[in-house]
J.: 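Structure incoming, see below.
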Amino acid sequence: MIDLAAAAVASVPAFECTFARTRWFGEDVLWLAPEPDQPFRALTTALHRAFPQCPPFGGIYPDELLLGA
């Protein structure tokens with residue numbers, strides 16, 4: 001599974017971005033607005049193709065990529 005995820009991520013060229021805006025969802029989630037956002041959309045698409053049984057956010061927000069710790 002890790003190899004499949006690594007291959008999906010590696011399929012998107014390296015990129016630079018800035019996080020120009022922020023927004024809070026409740027008190028616990030901080031959203032960072034990436035600029036440009038297209039590379040993140042490409043990562044979401046690549047990961048969804050690798051794991052079609054796991055659509056982003058259960059398919060509710062198809063263009064979002066959540067990274068967490």
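In this text the structure is predicted, and so the values were computed from the model without any measurement.
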J.: Measuring only between side-chain heavy atoms, which start at C-beta, is Trp31 closer than 4.5 Å to Trp24?
T.: no
J.: With a 6.0 Å cut-off (strictly less than), is the heavy-atom count around CD of Gln53, excluding the residue itself, greater than 12?
T.: yes
J.: On a heavy-atom basis, which atom in Pro39 and which in Val12 lie closest, and how many Å separate them?
T.: O-CG1, 4.2 Å
J.: Sequence neighbours excluded, which residues qualify as ring-ring contact (aromatic ring centres under 6.0 Å, His included) partners of Phe19?
T.: none
J.: Give me the atom names and distance for the closest heavy-atom approach of His48 to Cys54.
T.: CD2-O, 3.9 Å
J.: So do the side chains of Leu4 and Phe51 get within less than 4.5 Å of each other, counting heavy atoms only?
T.: yes
J.: Does any non-hydrogen side-chain atom of Pro36 lie less than 4.5 Å from one of Phe15?
T.: no
J.: Distance from Arg23 atom CZ to Leu30 atom CG, nearest 0.5 Å?
T.: 11.0 Å
J.: Shortest non-hydrogen contact from Ala5 to Leu47?
T.: O-CD2, 4.1 Å
J.: Looking at every heavy atom in both Ser11 and Ala46, which two are closest together, and how far apart are they?
T.: OG-CB, 3.7 Å
